[in-house]
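Report on the structure given below.
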Amino acid sequence: MEWTQVKLYTTTEAIEIVSGFLISHGLRGIMIEDAQDFQDFLEDTTIHWDYIDDELMKMKECETAVIFYIPDNMQGLEMLRQIRGSIESLREETPSIDFGRLSFACESIREEDWETAWKKYYHPVRVGKHLVVCPCWETCELGKDDIRVTLDPGMAFGTGTHETTRLCMQFLEDAITPQTTMLDIGTGSGILAATALLLGAKSAVGVDIDELAVKIAQENADLNGVGEQIELHCGDLTEQITGTYDVICANIVADVLIRLSQTVTQFMHKASVLIVSGIIEDRCQDVTEALLQAGLRVLEQKQENDWVSIKLCLN
């Protein structure tokens with residue numbers, strides 16, 4: 001399949017809002033090019049680098065851009081048309097933010113080249129107390145109690161580099177026991193289901209409406225040696241899944257979480273924990289109110305930059 005790489009040029013201060021806007025339009029994988037972010041990385045005194053690739057050094061002078069991929073077909077073109085048509089509304093909604101030029105640059109890319117594109121941005125990431133997310137092409141040093149989560153993200157969302165995924169993983173570290181049954185709604189790359197199993201969960205079930213995501217989730221489970229323990233489904237949640245689960249994760253977007261609040265409680269028992277993420281700060285109240293109205297109670301809330309994750313239980 002052919003894909004189109006789209007660069008949406010913006011500013012450092014607008015990255016979080018623009019990223020949330022794109023995710024709300026159904027985009028799965030998002031990457032950031034930002035000179036300020038790279039400068040902060042260079043000035044981090046906790047890390048010593050003997051050598052930094054010349055190609056990477058070019059980021060010191062790059063214009064800030066949010067990068068995403070769409071299929072080179074009518075569906076992808078329609079998605080891009082909708083994004084182009086509504087992107088300027090961000091200026092009206094948040095006039096205090098400088099969004100820059102909000103212009104688009106498109107480039108065709110073959111599917112086999114997409115993994116190479118990812119490798120420029122995706123490196124080992126430490127999450128929570130003991131989790132280290134590592135792409136399958138990298139090596140990483142692990143401490144005595146560290147757990148490596150190996151990932152080949154492919155075209156699916158959920159790499160461990162984004163705040164929404166990291167917040168979920170932090171909650172999972174505290175929630176998983178050897179008796180835990182886990183449900184991952186909108187499983188994407190399968191990182192959360194695989195993480196639950198690596199933390200010792202009894203079982204994990206993942207569901208996603210995207211066939212490619214389900215395929216990649218199985219491949220990632222296999223990479224982590226938990227392929228036989230995971231159960232994956234493609235399709236609508238209420239049509240594919242039955243029963244109740246001890247821990248349920250839904251790392252999606254605010255509007256989908258609000259709709260999910262009307263059905264998710266049927267998969268919970270009295271001691272179940274629901275972890276929701278993918279919530280931009282401005283939509284947190286909307287999501288929380290919908291979940292409270294559904295009969296849930298907030299146990300804890302975590303935030304990283306402009307992204308929020310919430311842990312809840314039944315009243």
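Checked by atom type and distance alone, the side chain of Glu13 pairs as donor or acceptor with a backbone atom of Asp98 at under 3.5 Å. Panel note: side chain Thr263, backbone Leu260; a donor-acceptor pair is recorded below 3.5 Å.
Counting heavy-atom neighbours within 6.0 Å of Glu88 CD, excluding the residue itself, gives a total above 12. Atom CD of Gln285 sits in a sparse spot, with 12 or fewer heavy atoms from other residues, nucleotides or ligands closer than 6.0 Å.
Within the model, atoms CG of Asp208 and CD1 of Ile252 stand 8.5 Å from one another, a figure rounded to the nearest 0.5 Å. Rounding to the nearest 0.5 angstrom, the gap separating the CG atom in Asp255 from the CZ atom in Arg259 is 6.5 Å. Interatomic distance, Leu167 CG to Ile310 CD1, rounded to the nearest 0.5 Å: 10.5 Å. Distance check: Phe99 CZ to Leu102 CG gives 7.0 Å after rounding to the nearest 0.5 Å. Rounding to the nearest 0.5 angstrom, the gap separating the CD1 atom in Ile70 from the CG atom in Asp72 is 7.5 Å.
A heavy-atom distance below 4.5 Å is not found between the side chains of Val273 and Leu312. Annotation: side chain of Asn224 is not in contact with side chain of Arg148 (no heavy-atom distance under 4.5 Å). Two residues are said to be in side-chain contact when any heavy atoms from C-beta on lie closer than 4.5 Å; Phe21 and Ser86 meet this criterion. Contact check for Glu16 versus Glu281: no side-chain heavy atoms found under the 4.5 Å cut-off. With a 4.5 Å cut-off on side-chain heavy atoms, Leu296 and Leu314 count as touching. The shortest distance between side-chain heavy atoms of Thr165 and Leu192 falls below 4.5 Å.
Shortest non-hydrogen contact noted between Cys106 and Thr4 is CB-CG2, 3.8 Å. What you find for Cys134 and Pro124 is that their closest heavy atoms are SG-CG, 3.8 Å. The minimum heavy-atom distance between Thr244 and Gln266, with the atom names listed, is CG2-O, 3.9 Å. Nearest heavy-atom pair, Ala217 versus Gly188, reported as atom, atom and distance to 0.1 Å: CB-O, 3.8 Å. Counting all heavy atoms, side chain and backbone alike, Leu237 lies closest to Ile185 at CD2-CD1, 3.9 Å. Ile97 approaches Ala14 most closely through the heavy-atom pair CG2-CB, 3.9 Å.
Of the candidates Ile30, Leu8, Thr164, Ile30 is the only one forming a side-chain contact (heavy atoms from CB on, under 4.5 Å) with Ser19.
Figure legend: Arg101 and Tyr9 shown as a cation-pi pair, the cationic atom lying under 6.0 angstrom from the six-membered ring centre and within 45 degrees of its axis.
Clustering ILVMFWY residues whenever any of their side-chain heavy atoms sit less than 4.5 angstrom apart, transitively, puts Leu142 in a cluster other than the one holding Val133. In the hydrophobic cluster analysis, where Ile, Leu, Val, Met, Phe, Trp and Tyr join through side-chain heavy atoms closer than 4.5 angstrom, Val276 is grouped together with Val298. There is no path of hydrophobic side-chain contacts, each under 4.5 Å, that joins Ile176 to Val132. One hydrophobic cluster, built from ILVMFWY side chains closer than 4.5 Å, holds both Val256 and Ile83. Hydrophobic cluster membership is shared by Ile248 and Leu292, with clusters built from Ile, Leu, Val, Met, Phe, Trp and Tyr side chains linked at under 4.5 angstrom.
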Worked check of side chain to side chain contact (heavy atoms under 4.5 Å, CB included) between His233 and Val214: CA-CA 7 Å; His233 300 269; Val214 171; over 6 Å; no
Derivation of the side chain to side chain contact (heavy atoms under 4.5 Å, CB included) call for Cys249 and Met182: CA-CA 8 Å; Cys249 280; Met182 186 264 198; 4.0 Å; yes
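Gln218 and Asp222 share a side-chain donor-acceptor pair at under 3.5 Å. In this model, no donor atom of one side chain and acceptor atom of the other lie less than 3.5 Å apart for Asn220 and Ser189.
Between Glu300 and Lys302, at least one side-chain N (NZ, or NE/NH1/NH2) sits under 4.0 Å from a carboxylate O, which counts as a salt bridge. With respect to the salt-bridge test (charged N to carboxylate O, under 4.0 angstrom), the residues Asp145 and Lys129 do not qualify. With respect to Glu211 and Lys215, no salt bridge is recorded, no charged nitrogen being found less than 4.0 Å from a carboxylate O.
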